[in-house]
Each structure stands twice: as structure tokens, then as C-alpha cells.
Protein chains: 2
Amino acid sequence: MSRAEQKERTRRAIINAAFSQLSADKSFASLSLREVAREAGIAPTSFYRHFADMDELGLTLVDEAGLMLRQLMRQARQRIEKNGSVIRTSVETFMEFVTGNSNVFRLLLRERSGTSAAFRSAVAREIQHFVAELAEYLRKETTCPDELARAQAEAMVTLVFHTGADALDAPASQYAYLTSRTITQLRWLAHGAASYGRKPKEQGPL
Amino acid sequence: MSRAEQKERTRRAIINAAFSQLSADKSFASLSLREVAREAGIAPTSFYRHFADMDELGLTLVDEAGLMLRQLMRQARQRIEKNGSVIRTSVETFMEFVTGNSNVFRLLLRERSGTSAAFRSAVAREIQHFVAELAEYLRKETTCPDELARAQAEAMVTLVFHTGADALDAPASQYAYLTSRTITQLRWLAHGAASYGRKPKEQGPL
DNA sequence: CCGTTTAGCTTACAACTGTTCGCTCATTCT
DNA sequence: AGAATGAGCGAACAGTTGTAAGCTAAACGG
């Protein structure tokens, strides 16, 4: 086996070990270099042949997680073309991602407000992809001015993302409810932005 | 000094030490019993005279943070009565809380998706107070049916809460923008729910 | 084919961590 | 006054952590 090939192989072993140790009760911050190395089948010190420190590993994990998110978006687009309902399809696709890759989603969720500024901005960047893409769609499909399209997209992504977080702790029987509730909330946003967007002045008690 | 009084005093010293060590780069999980004890001015072993372990301390901190949140709600209500605009006043009050007690807010934000199920549900409970109170207000002020009022309140709290999270990493110059954007988003929700709530069927590409 | 490169190893160290045990001594209770 | 309680302490233990130094051996480049 080629040398570079073997190196890449144990690099992947490290990454996979790290992902597999993430769970509901174990965040990236609570991983230890030694434990990861153990599961990857290498000596602790060999870790340094691949990453300068745990932070570098963490940023790699965030990048990979972001990659999965983008694949998800592509998949959602395909389903939308067949299905028609943008909101319903998007929310359902996202919920499937959350429940099917809960550890990956947890990584993004936690590091978004974690203790490393580098991690936080890396996650924020990945989420911005979502927002930008959705905002562009809204600009095309509606008559929304640019700035409002972005604000609307931000709100939608925030709602979907954090309903996903709720789903992590909810029993599976709640998924359907959470999904349909989120769909309703996004429709409210879309509807409100469409009819209210051009007169954002205060009126009434709200 | 009375014995009970002295005990309460060092208990507070522990709690204060813990709060003061929380920061952008230090989460509760990364606090150490010994460091907290050091700052509180007691021996590490004396910690156990007040808390069974760090988790018990953590739950206490979450409770105190929840208390501050409720005081905040009370304060917001008073300001609303004078000011009139519910949404604007609520958002502004909350943003003041976030920027003025950022470590307290960070605790709630992080433990909401942290590694301890007990912490997660403790934080979730505190947030539910917000939601329940807002939902009741919506039921009174609007013609919304109960279930929709709750969904609307959940969406609003989620948006405000996580815009607060964004504010933590944003420069102070962005606060005004974040505040007004959130106000707009909440108005969209209110408006959309009011006019769209009674016919939640799919229509159009959204 | 021989010298260089390098992934991976073993050993070792210093710095923490949480927690147990037994003691002191001021406050409290009887 | 005398006994009991309990907050606080120091020493010690067993476990973990990250990381440095130096070696081996296999793949590589000339």
C-alpha cells in the first residue's frame, strides 16, 4: 500500500473515531486525544502526525459536517422539484438529517455556541450557506426586496435549526408534530413578510 | 456570626466564583471544582459541604439564571404598560439582558444543548415559562386558538433567544440592527398567524 | 541499491483532576 | 458546663490528561 494512501487511511480512522465518540452525553470538548487515538488504533503520540492539536481535528469535523449539510441541500432541491411544496419538503428533509445524523447535527449545534471562537465562526459560516441560498430563492419567487428576503431567510433557518435541536431530546413520537408545527410557523413568516413587508410600521398592541 | 449565616455566605462565594469564571471561552463543563474552590477562598474538599458534586452546583446556577429571566419578564411587563409596543419593548428588554449579563445568558444557551440531560431539561423548563406567558398574552389579545397561540409564542421565543446568541459574537455596533431585524421578524409572525392561522393549507410554491 | 523521509511506536514527565480520610475547633444544643 | 454537631483544612491517592524525546522500520527518491 502506498504511503500517502496509508496516511490518509489512519487520518480517516481518527476522524471516524472522533465522530463515533460524539453523543448526547459527550461533546467535542470532552473528547480526549488519547481516547480518540485509542479507538483509531494508534498510539497517542501518533495523533500529531495528522493534526497539530485537537482544535485542528475539531475544525475538520465541522468542515465535514458542513459538507453533509450542503449535500442535504442538494437532495432537498431534487425533492422539491418533484414534490412542489418548498417549505414542507425542506423541513422534512432537514428533520430526516437531524434524526439520521444526530451526532453530526449535535456537533454543529453545540460548537455554534461553544468556547472556541474559531469553531463558532466556522459553524456560523456553514449556516450562512443555508441562509444565502434560501434568501436567493425568496428573492426569485417573491417580490421581496433583498434585505427583507435575507431577514426572512434568517428567521426560517433559525426556526428549523432549533426545532431540530428540540427533536434531539423529544421522543420519536413527537417528530411529526414538531415537523408540522415548524411548517406552520414558516408559512406564517412567509405570509406575514409578503403582506406586511412593505409597511413595517407599528400598529395595534403588537 | 451565626453558623448558618456563615455557611450561606461561603455558599454564595462558591456560586459567585462559578459565575465569574464563566466566559466566552469557558463553559460550565470546563470549570474545575478546584479552581472554583480556590476563587471562593476555600479548600477543594470544603466544596462538598455545600454541593454533592459539580452537577449540583450547575443546576443551582441554572436556577439562578432562570430567576433572573423571570425578573426580566416582570420588568418588561412594566415597560410595556408605559410604552405600548409589546414586541419592540420585549425584544429591547431581552437584548439588554443578554448584553448586560452575557455570562448568565451563555450558561442557558450552552446547557440547553449540553451534555447533561438534567441541565438540558432544567433550561428547557425555564424557557417554557417565557413561552407559556407569551402564549397566554397572545390568547388574550388576539383571536388565535390555543394551539396556534402556543406555536406562535414558541417561534417568537426561539427567534429572540437565538438572536441573542448572535449578538454575543457580534460587535456592539450590530446590536441595533439585530434588534430591529428581530422586531420585524416577530411582526411578520404575528401578522401571518393572524391572517393565515385559520386556513393553514398549502397554496403557492411555499 | 543506498540514503532519506516519515508514520508509528515506547517511554517518560509534569500537571492537573475529583475524592477519601482524619483532624481541628468554633458554634450549637441540652 | 459539657457533649454534639459540622464547616473547613491538609495530606494523600489513583486516575487522567497533553506532549516531548528518541527509536524502528517500511516506503520512497535518486
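The chains referred to below are lettered A, B, ... by the order of the sequence lines, with proteins before strands, and numbering in each begins at 1.
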message: Between the side chains of B:Arg120 and A:Asp166, is the shortest nitrogen-to-carboxylate-oxygen separation below 4.0 Å, so that they form an ion pair?
response: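 Looking at B:Arg120 together with A:Asp166, the answer is no, because their closest N to O distance does not fall below 4.0 Å.
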
message: For A:Arg112, is there an ion pair with A:Glu126 - N to carboxylate O distance below 4.0 angstrom?
response: no

field: Start and end of chain A contact along DNA chain D [non-hydrogen atoms, under 4.0 Å]
entry: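 Contact boundaries, 5' end first: D:dT17 to D:dC28.
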
- prompt: When all nucleic acid strands are considered with a 4.0 Å heavy-atom cut-off, which category describes B:Glu35: base, sugar-phosphate, or nothing?
  reply: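 Touches sugar-phosphate only.
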
- prompt: What is the distance from NE2 of A:His50 to C1' of C:dC9, rounded to the nearest Å?
  reply: 12 Å

Rounded distance in Å - CG (B:Leu33) to P (C:dT17): 9 Å

- request: Return the orientation label for the B:Phe119 and B:Phe28 ring planes: parallel under 30°, perpendicular over 60°, tilted otherwise.
  value: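 Taking B:Phe28 first and then B:Phe119, their aromatic rings sit tilted (interplane angle of 30° to 60°).
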
query: Would A:Leu22 and A:Arg106 satisfy side chain to side chain contact (heavy atoms under 4.5 Å, CB included), going step by step from the backbone distance to the final call?
result: CA-CA 8 Å; A:Leu22 293 178; A:Arg106 254 187 270 262; over 6 Å; no

B:Phe161/B:Phe130 aromatic ring centres below 6.0 Å: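 Centroid separation for B:Phe161 and B:Phe130: 6.0 Å or greater.
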
- prompt: What string of B, S and - do you get for nucleotides 22-30 of chain C, 5' to 3', if B is base contact, S is sugar-phosphate-only contact and - is no contact with any protein heavy atom under 4.0 Å?
  reply: ----BBS--

- prompt: Got a sec: does the CD of A:Glu136 have more than 12 other heavy atoms crowding it under 6.0 Å?
  reply: no

- request: Taking atom CZ of A:Arg12 as the centre, report whether more than 12 heavy atoms of other residues, nucleotides or ligands fall under 6.0 Å from it.
  value: yes

task: May I ask you to verify whether the side chain of B:Thr45 and the base of C:dT19 hold a donor-acceptor pair under 3.5 Å?
output: no

[atom1]-[atom2] distance between [X] and [Y], expressed to the nearest 0.5 angstrom:
X: A:Thr184; Y: A:Leu159; atom1: OG1; atom2: CG; value: 11.5 Å
X: B:Ser180; Y: B:Glu92; atom1: OG; atom2: CD; value: 10.0 Å
X: A:Thr89; Y: A:Lys82; atom1: OG1; atom2: NZ; value: 11.0 Å

message: So if I take residues 6-30 of chain A and measure heavy-atom distances to DNA chain D, which residues fall below 4.0 Å?
response: none

message: Can you work out whether A:Ala43 or A:Arg34 has the more 5'-proximal nearest nucleotide on DNA chain C?
response: A:Ala43

- prompt: Between C:dG8, C:dT19, C:dT17, which one does the side chain of B:Arg38 approach most closely?
  reply: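 Out of C:dG8, C:dT19, C:dT17, the nucleotide with an atom closest to B:Arg38's side chain is C:dT17.
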
- request: Carefully, step by step, assess B:Val104 and B:Glu64 under the rule side chain to side chain contact (heavy atoms under 4.5 Å, CB included).
  value: CA-CA 9 Å; B:Val104 176; B:Glu64 297 231 344; over 6 Å; no

